[in-house]
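Worksheet: the structure to be examined is printed underneath.
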Amino acid sequence: MTVRTRFAPSPTGYLHIGGARTALFNWLFARHHNGKFILRIEDTDVARSTKESIQAILDGMEWLGLNWDEGPFYQSQRFDEYRKHANILLEKGVCYKCYCTPEELEARREAALKEGRPPKYDGRCRDRADEPNMPYAVRFKVPPGTTIVDDVIKGSITFDNSSIEDLIIQRSDGTPTYNFCVVIDDVTMDITHVIRGDDHINNTPKQILIYRALGHKLPIFAHLPMILGSDKTRLSKRHGATSVMAYKDMGFLPHALVNYLARLGWSFGDQEIFSLNELIEKFSLESVGKSSGVFNPEKLLWLNQHYIKDTKSEDLGELMLPFLKEHGISAEADPRLPAIITTLKERAKTIKEMADSSVFYFREKIEYDPKAAQKFLLPENIELFNTLLEKMSGVADFTAHSLEAAFNSILEEKGLKLGKLAQPLRVALTGGTVSPGIFEMLEAMGREMAVSRVKDAIDYMKEVAAKA
RNA sequence: GGUCCUAUCGUCUAGAGGCCUAGGACGUGGCCCUCUCAAGGCUAAAACACGGGUUCGAAUCCCGUUAGGACCGCCA
């Protein structure tokens with residue numbers, strides 16, 4: 001039997017971190033078993049579902065590389081199917097018509113809560129014989145006894161059916177409700193493994209009861225522990241960015257997020273770094289932990305940095321262009337781009353950070369950081385810079401290697417340490433005191449720009465001398 | 001309030017009764033390297049929630065306590 005898993009988000013917002021991990025685990029499990037991964041949009045709540053949300057979820061999935069084999073299926077297009085099954089259950093007598101109005105139910109709920117009783121439906125329409133000409137909801141008649149959820153991750157969980165209320169499976173307007181659609185869909189789509197957040201555990205016995213009433217075999221259930229924020233409550237906007245696409249905008253690589261999410265709740269010995277293929281090969285539900293985990297942005301950052309170092313400069317260039325645009329820089333035609341990135345990628349935690357620190361490579365003129373200029377662009381360095389200019393113009397090939405040799409000869413001549421030369425030059429070249437290594441940076445920048453910046457620095461130092 | 005889930009360094013985790021003086025990773029501190037910043041290398045501090053059992057032996061199995069979390073809708 002082929003494994004079939006599904007991810008079934010409701011389109012009431014963007015794809016968030018928790019949903020992405022659920023999707024990822026479903027995807028990994030399906031891929032590991034050479035099965036099918038199905039995408040289903042749970043939009044039975046017509047009022048809250050939006051087209052924008054659907055698109056946002058699809059975008060997020062695509063960015064993460066979680067491709068689906070079937071779907072997206074939309075529950076809103078399957079209402080006839082649900083109604084048909086609801087009627088069957090009604091005829092079988094395992095469901096009944098409930099004529100209580102939402103207002104009445106709400107009033108009773110509040111009263112119960114006030115008196116400290118469980119806000120459970122009292123079943124007053126259960127054995128009603130008449131059929132008044134009024135709108136009715138279809139309720140499932142929960143049988144007595146106990147229902148056992150056999151969960152791959154959590155183990156066996158027993159529920160007393162008396163704690164489960166007669167749930168509505170079809171609203172009085174004829175639309176189906178969640179617990180019912182899920183079962184009908186999972187049955188008709190031949191889902192073999194239901195992998196979802198453990199916030200669904202309490203729904204599971206209800207769904208099992210419906211499976212039984214329908215006469216269908218149960219899928220295997222696996223309930224994933226929640227992802228928590230730093231205060232150990234359910235991850236939400238209060239904890240910062242929760243939208244997957246926000247991570248794209250912050251300059252994260254999709255695989256960094258995938259690797260991070262995979263390791264949040266799942267482990268493979270002491271291994272931290274996994275390629276996509278390794279993830280597929282090594283993933284198993286057995287090694288998913290039971291306890292919830294706190295989302296840790298620092299570790300994500302570390303992984304991102306790791307994968308940035310691991311990515312070819314050419315590819316990074318492509319990814320960096322949109323971030324450069326925000327600085328008003330169009331670098332797509334700049335042949336220096338890959339070389340520039342090579343100097344930067346060892347020291348960037350995000351693509352955005354890399355773009356921010358690359359700006360000096362692209363500007364016509366740079367501005368000096370006042371403190372840096374005051375400390376390093378001193379008139380006493382004019383002579384040194386003139387020598388530098390000669391060497392830089394004279395060196396046969398403008399590479400890190402020959403530049404280093406050329407610089408060393410200056411240093412030897414003047415009896416200087418590299419620091420005395422590198423820091424002033426760094427300020428002249430970049431405007432600040434922090435940058436990539438001086439030789440690799442010169443090579444990446446190119447002779448033309450380097451020479452012009454040294455000249456500018458000499459002019460600047462002369463001005464300073466004149467003022468003094 | 002009811003139902004259910006969970007409990008190892010600050011965080012993610014390894015741990016399947018003796019391999020545990022509890023391992024790895026992120027983060028944090030120190031040292032080395034060094035033209036700045038990183039990266040890299042080395043290193044340090046840092047945890048079995050508590051109480052009872054079971055056992056020759058418990059982080060590991062059982063029970064309880066405590067603490068956290070989720071769910072209890074004509075939302076999904």
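Every chain is numbered from 1, with letters handed out A, B, ... down the list of sequences. When reading the values below, keep in mind they use all heavy atoms of this one structure, side chains included, and skip hydrogens, waters and symmetry mates.
Few gaps surround CD on A:E278; more than 12 heavy atoms of other groups in view lie less than 6.0 Å from it. Heavy-atom neighbours of A:K414 NZ from other residues, nucleotides or ligands within 6.0 Å: above the threshold of 12. Around atom NZ of A:K420, no more than 12 heavy atoms belonging to other residues, nucleotides or ligands sit under 6.0 Å away.
If you take atom P in B:rA47 and the same atom in B:rU8, they sit 14 Å apart, rounded to whole Å. With both ends at atom C1', the span from B:rA49 to B:rA7 equals 7 Å, rounded to whole Å. For the C1' atoms, the distance linking B:rA14 with B:rC26 amounts to 15 Å, nearest Å. If you take atom C1' in B:rC71 and the same atom in B:rG64, they sit 25 Å apart, rounded to whole Å. Rounded to whole Å, the separation between the C1' atoms of B:rA22 and B:rG17 comes to 15 Å. Between the C1' atoms of B:rA67 and B:rC48, the separation comes to 16 Å (whole Å). B:rC75 and B:rA70: their C1' atoms are spaced 16 Å apart (whole Å). Spacing between B:rU28 and B:rC5 at atom P, rounded to whole Å, works out to 38 Å.
Candidate nucleotides B:rC74, B:rG73, B:rG27 were compared by shortest atom distance to the side chain of A:L105, and B:rC74 ranks first. With distances taken from any side-chain atom of A:M226 to the nucleotides B:rG27, B:rA70, B:rA39, the minimum falls on B:rA70. Checking B:rA39, B:rA76, B:rC26 against the side-chain heavy atoms of A:K309 singles out B:rA39 as nearest. Comparing atom distances between the A:L264 side chain and each of B:rA39, B:rA25, B:rU13 picks out B:rU13 as nearest. Closest approach to the A:S291 side chain among B:rA76, B:rC4, B:rA7 is made by B:rA7 (side chain taken as heavy atoms from C-beta onward).
In this structure, CG of A:L235 is placed 14 Å from P of B:rG69, rounded to the nearest angstrom. The distance between atom CG of A:L228 and atom P of B:rC5, rounded to the nearest whole Å, is 17 Å. Rounded to an integer number of Å, the gap from A:E272 CD to B:rU11 P is 16 Å. Atom-to-atom, CG of A:L301 to C1' of B:rA25 comes out at 15 Å; the value is rounded to the nearest Å. Remark: C1' of B:rC71 and CD1 of A:I157 are 12 Å apart, rounded to the nearest angstrom. One interatomic measurement links the two molecules: NZ of A:K120 to C1' of B:rG2, which rounds to 11 Å at whole-angstrom precision.
Shown for residues 195-205 of chain A: residues whose heavy atoms fall under 4.0 angstrom of RNA chain B, namely A:D199, A:H200, A:I201, A:N202, A:N203. For the segment residues 417-427 of chain A, the set of residues with a heavy atom within less than 4.0 Å of an atom of RNA chain B comprises A:L418, A:G419, A:A422, A:Q423, A:R426, in numerical order. The stretch residues 428-441 of chain A comes close to RNA chain B through A:T433, A:V434, A:S435, A:P436, A:G437, A:I438, A:F439, each having a heavy atom under 4.0 Å from the strand. Listed by residue number, the members of residues 380-389 of chain A with any heavy atom below 4.0 angstrom from RNA chain B form an empty set.
Each of A:Q271 and A:K290 was matched to the nucleotide of RNA chain B holding its nearest heavy atom; the match closer to the 5' end belongs to A:K290. Between A:I168 and A:E346, the one whose closest nucleotide on RNA chain B sits nearer the 5' end is A:E346.
Evaluation of the side-chain contact (heavy atoms from CB on, under 4.5 Å) rule for A:I168 yields A:A137, A:R139, A:T177 as partners, not counting sequence neighbours. Considering only residues two or more places apart in sequence or on other chains, A:D315 meets the side-chain hydrogen bond (donor to acceptor under 3.5 Å, both in side chains) condition with none of them. With sequence neighbours excluded, no residue satisfies side-chain hydrogen bond (donor to acceptor under 3.5 Å, both in side chains) with A:S292. With sequence neighbours excluded, the residues satisfying side-chain contact (heavy atoms from CB on, under 4.5 Å) with A:Q75 are A:R40, A:E42, A:D43, A:T44, A:Y82, A:C181, A:D185. With sequence neighbours excluded, the residues satisfying side-chain hydrogen bond (donor to acceptor under 3.5 Å, both in side chains) with A:T204 are A:R196, A:H223. With sequence neighbours excluded, the residues forming a side-chain contact (heavy atoms from CB on, under 4.5 Å) with A:P219 are A:V194, A:Y211, A:F221, listed by chain and number.
Counting atom types as modelled, A:T177 pairs no side-chain N or O with a base atom of B:rC74 as donor and acceptor under 3.5 Å.
The residues A:R453 and A:D456 are annotated as not salt-bridged, no charged nitrogen and carboxylate oxygen being separated by less than 4.0 angstrom. Salt-bridge formation is detected for the pair A:R124/A:D122: a Lys NZ or Arg NE/NH1/NH2 atom is positioned less than 4.0 Å from an Asp or Glu carboxylate oxygen. Of the charged side-chain nitrogens involved, none lies within less than 4.0 Å of a carboxylate oxygen, so that A:E353 and A:R347 do not count as a salt-bridged pair. Between A:K309 and A:E346 there is no salt bridge, since no side-chain N of the basic residue sits under 4.0 Å from a carboxylate O of the acidic one.
Distances shown here put every side-chain N or O of A:R234 at or beyond 4.0 Å from the OP1 or OP2 atom of B:rC5. Between B:rA67 and A:K232, no contact under 4.0 Å exists linking OP1 or OP2 to a side-chain N or O. A sub-4.0 Å separation between OP1 or OP2 of B:rA76 and a side-chain N or O of A:R48 is absent.
Applying the Watson-Crick and G-U wobble criteria (two distances, each under 3.5 Å), B:rU66 pairs with B:rA7. The partner of B:rG2 is B:rC71, judged by Watson-Crick or G-U wobble contacts that both fall below 3.5 Å. Across all strands shown, B:rC42 pairs with B:rG30; the Watson-Crick or G-U wobble distances both stay below 3.5 Å.
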Test side-chain contact (heavy atoms from CB on, under 4.5 Å) on A:Y99 and A:S172; report intermediate values, then the result. CA-CA 8 Å; A:Y99 297 91; A:S172 46; over 6 Å; no
Please report the C-alpha distance between A:L209 and A:T147 in whole Å, then the side-chain angles of each, then the deciding distance to 0.1 Å, and finally whether the side-chain contact (heavy atoms from CB on, under 4.5 Å) criterion is met. CA-CA 8 Å; A:L209 258 12; A:T147 302; 3.4 Å; yes
A:I184 vs A:L214, side-chain contact (heavy atoms from CB on, under 4.5 Å): CA-CA, chis, key distance, verdict: CA-CA 9 Å; A:I184 300 300; A:L214 252 18; 3.7 Å; yes
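Close placement of the A:Y460 and A:Y368 rings is indicated, their centers lying within 6.0 Å of each other. Less than 6.0 angstrom separates the ring centroid of A:F25 from the ring centroid of A:F283. Taking the six-membered ring for Trp and the full ring otherwise, the centers of A:H193 and A:F29 sit less than 6.0 Å from each other.
Note on ring orientation: taking the six-membered ring where Trp is involved, the planes of A:Y247 and A:F252 are perpendicular (angle over 60°, cut-offs 30° and 60°).
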Could you list the protein-to-nucleotides 44-46 of chain B atom pairs, N/O on both sides, closer than 3.5 Å?
none

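Seen from the ring of A:F323, A:K352 does not count as a face-on cation partner, given the 6.0 Å and 45° thresholds.
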Sugar-phosphate atoms are those with a prime plus P, OP1 and OP2; base atoms are the rest. Using that split, label each nucleotide of nucleotides 14-23 of chain B B, S or - for protein heavy atoms under 4.0 Å, 5' to 3'. S--------B
